[in-house]
There are 2 protein chains.
Amino acid sequence: MTEKHKEAEEAHLPNTMGVPVRAGSTGDPEFTLSSPVVTHMERSQNWGWMVSGIICLNILILGCALVSGSAYEDINISTDHLQIYLIVLLILTTAWIIYFAVYTARQENAIVYQDSHAGPIWLRGGLVLFGILSFIMNIFKIASYVGYLHCDSAVKVAFPVVQIAFITTQTYLMWFHAKDCLQVQKNLTRCGLMLTLSTNLVMWMTLVTEESLHQTILPEYQQNESKSLGRSSYISKAGYGDDKCSCSHTSCSIFKEAYYYLYPFNIEYSLFASAMAYIMWKNVGRVADEHSHHHFKFRLREVVVGPVAGVLLVISGIATFIVYEMEMKIYSYDRDDLMNDHALMIHFVMNIVIVALMSLATLLGCVIFKLDHKNHVSEKNPTRSLDVGLLVGASLGQFIISYFSIVAMVATGANGHLNRLNLAWSIIMVIQLGLQNFFIIDGLHREPHLEIHLPTTVENPYLKENDKTQNECMESDLDKRMPAALEHKHKLSWKRRVVKEVCAFLLLGNIILWIMPAFGARPQFDHDTELKFYNFNLWAAVVNIGLPFGIFYRMHSVASLFEVFLRS
Amino acid sequence: MTEKHKEAEEAHLPNTMGVPVRAGSTGDPEFTLSSPVVTHMERSQNWGWMVSGIICLNILILGCALVSGSAYEDINISTDHLQIYLIVLLILTTAWIIYFAVYTARQENAIVYQDSHAGPIWLRGGLVLFGILSFIMNIFKIASYVGYLHCDSAVKVAFPVVQIAFITTQTYLMWFHAKDCLQVQKNLTRCGLMLTLSTNLVMWMTLVTEESLHQTILPEYQQNESKSLGRSSYISKAGYGDDKCSCSHTSCSIFKEAYYYLYPFNIEYSLFASAMAYIMWKNVGRVADEHSHHHFKFRLREVVVGPVAGVLLVISGIATFIVYEMEMKIYSYDRDDLMNDHALMIHFVMNIVIVALMSLATLLGCVIFKLDHKNHVSEKNPTRSLDVGLLVGASLGQFIISYFSIVAMVATGANGHLNRLNLAWSIIMVIQLGLQNFFIIDGLHREPHLEIHLPTTVENPYLKENDKTQNECMESDLDKRMPAALEHKHKLSWKRRVVKEVCAFLLLGNIILWIMPAFGARPQFDHDTELKFYNFNLWAAVVNIGLPFGIFYRMHSVASLFEVFLRS
């Protein structure tokens, strides 16, 4: 028996390994048994995802080495080296995106299928919004660094210029192609998308490191100068290159001040783009339905208590945040510990109130979910899996900070009202994170309430005939139920209403918990118990790694809660 | 319309979300469309996996805070605090395991199904082997710490005692229940298994930290004492508590020396147990087949070149490793840089030879895979997914170390033959890791070669009748081919043979790459270029976090390559 013969025989061996077959495949057992292997994974076409994964891994780890090297002043890797690496990555990615856009526009059968779950409007909208803000940030950066051209390297100006080109092309790609399941040049596209993903992640690492260094550059300096740890270490917005090279135009400091406030948005932009690149990568070669049947409508009139309470929370949160920031700014220079304590106390109390109210609301939501038995969607959905993974992964950041705080407070005995408040805040935060993760994951997996969706059949030329009869019977089935469903559409049961109120309230609660750290609140450094207990290095590492994830968690929760709101 | 009515209606809505239906489900569209939701996730039974996940997260992060706190001498968290936390966890887990074992023994319908992929013999065998070695290690620990009882806390003796009880019960659980898909008390079992998983992971973190501190305790001390970084920093096996408290019996130091050599096995035991607990957790409530049809037979006679070359590699590797360790031990005390350089050069050259040969072999294997077109198994299999995840995740450790080395070497210009050798080693290592990951993942996903497996149908009472006709036709189909398959069973095609040779060679190559770092080779600290470039803190962090993963990667590769060997 020849090799060829053997192979041919193997190909005809029935697929007996329990391969999932798409819903509703009836008849023809020959086809049902042997086709899925060919449909799901193409013969010798699947090396693309592995090669692209290995490329991504290598880019990321080299990026990681350069970023961590450039973060330390005494290591001989300067920001320039890192930025040259990033410029190369950005140019490669931009070139691929342009090639891809031109190629798919000219090729007619490039995009046959679309994934209705991928690239929801809030994600694409958020991407465009953050893209615009990142664009502005880069313009400010150029304006600022042009003033240093006479004494600093030109890379610092070239980098934002390249980044602008990258942001523009990438936002274009994500906006128009986020839902596409590509069918041509699969391996090249997989590699291209992984290049995009890794470029965004390296960008994200760089931005997070720069932002963290910027936020903690003064405390470290002060720590060496005087022994007054943390307390008086207000984070001043110090710029780069202040020491030896001075700006040639006068508006430098204004631009710098401005672009540092835009950093959080560029960080979010990179994460949004990474998530979308990952979903597009997952969808390459996927055979999915072309039409979306989930039309959730957003009606705010349905809920009152949640949004009102939430808005009140946001307003009071912003008010206390401004007071806290102002007091810390003024009194830290005066080294007025009493007033600093006062500002910190306001901040702690406000946070405890917010987190405690949110915990209670989430608990209420979980109880309603428990009462309201519903089936769970077990459909495979890469977008939702990623959502849940990112949610749990990002929550680790805040979890770690809170647990480190709890350990430090318990070990030092929690003396004084500030320490007790801090301990209470950390404990309630842990409870809130656990409950909120539970609530969101449960909410995302529940079947949408009385939502009418037409069958999302997978197109398969071999099965057309069998499908027809089945689809007909499904549709007639739906027709029968449609009037009853529509009749009850606008009457919300009390359970649904409570869930919606809870979602709206939590959504706004997460917004205020996002705003405070994103715009510079660092009670972790202003309050010195943990700093003294763990020493500056360990505590700074914990906070500077954990907090960006914590901030992303809040943003991501807002998006997920919005989806739960729409689904329930 | 009442709530109840609505719910009932929903339950009958056709499942239009593309839920995977098991292979070969024909006829009865009503059932095919609505049953999977009920089968895959039970109504309001699924909170167990989320609660257990949240419990795991909390135990892990609190453990993480305590472990990192106890690692620094100037932080007020002692090893005792950590060990008390661990003792509580170990007792809780042991109690649950005993309860579980008693309960399932008395309940008749507790275990109806078994997952044939879970708990393969090499995993369970490895667990028992490492369990026995961990048992011995703990006895040595008790013997050693009993000598310090007069001046040190009793917790240090209590901890290994509790650990012995834990290891015994856990090994029993894993050996007898690894394949079970539990059907009763699902939520409690999920929480119990997650408790087991997190206890093992906290144990693993503790052991890795202790081992790393032990391996780097001297360099740090020497760094402060003299400016001779790294080069002369041979890692002596210094014990704990030497400074103020002396042992009351004379054999203390022997026991200490002995138990530090057993550390790597206890680390592997924790990881093996974690992996098995995770698979058991995934399988709770799963409805899988009872019988395994994959009978791979291990025949070594089939291959010659690979094992012989591999054994030669292992022997020469061990020989140079012993020379290296001896020379480093002798000459580091004499501060003889020339002899140290010589020992390092031997080590580098040997490693380059090993890694380069392995890369070539892997490349050959990949080319054969490319030539030998085969279908890929797309069956869902949590064991394989975990295998691949762990493989890629663990390889990150070695990737990070190599890239940090490359960056340091390139940045310092790679002067001198040692630096050039180090650079070459790191680059070839990166290539080898990428190729090996590709080879193993591809090998695990390929269909086993001419393996006859009977249909692994999922038992479902509703479909008995339809299945019967189908199974019959499958079996008759197989019967027809069986003689042809058996006829060619013992003749290996040259492609299969080459793959098997490559697997055997790589397997032995990974063993030697595992032995060297696991038993104390630390060229990363003996060679001082990276130490000087990154400073001690950053480089020690990179190596101490990356190397345990790298060691685990090699072990895990051995297991995976063994599976690829059997499948191909």
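Convention: sequence-line order gives letters A, B, ...; per-chain numbering from 1. All values below come from the heavy atoms of this structure, side chains included, with hydrogens, waters and symmetry mates left out.
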Between B:Leu396 and A:Leu57, is a side-chain contact (heavy atoms from CB on, under 4.5 Å) present by the stated rule, with each step listed? CA-CA 8 Å; B:Leu396 289 181; A:Leu57 219 66; 3.5 Å; yes
Proximity breakdown for B:Val542 and chain A, heavy-atom pairs closer than 4.5 Å: neither
Engaged part of B:Ile75 at the chain A interface, taking heavy atoms whose separation is under 4.5 Å: both
In chain order, what residues pass the side-chain hydrogen bond (donor to acceptor under 3.5 Å, both in side chains) check against A:Ser426, with sequence neighbours excluded? none
Got a list of side-chain donor-acceptor pairs under 3.5 Å for residues 397-407 of chain B, not counting sequence neighbours?
from, atom 1, to, atom 2, distance (Å)
B:Ser402, OG, B:Gln398, O, 3.1
B:Tyr403, OH, A:Asn58, OD1, 2.7
B:Ser405, OG, B:Glu530, OE2, 2.5

Report the distance from atom CG of A:Asp442 to atom CE of B:Met50, rounding to the nearest 0.5 Å. 4.0 Å
Value rounded to 0.5 Å, distance of CG in B:Leu433 from CD1 in A:Ile54: 10.0 Å
From CD1 (B:Ile441) to CH2 (A:Trp49), nearest 0.5 Å: 5.5 Å
Give, as side chain, backbone, both or neither, the part of B:Tyr72 having an atom under 4.5 angstrom from any heavy atom of chain A. side chain
Output the residues of residues 61-70 of chain B for which the shortest heavy-atom distance to chain A is under 4.5 Å, in residue-number order; output 'none' if no such residue exists. B:Ile61, B:Leu62, B:Cys64, B:Ala65, B:Leu66, B:Ser68
Could you pull out all residues at least two apart from A:Phe369 that satisfy ring-ring contact (aromatic ring centres under 6.0 Å, His included)? A:Phe439
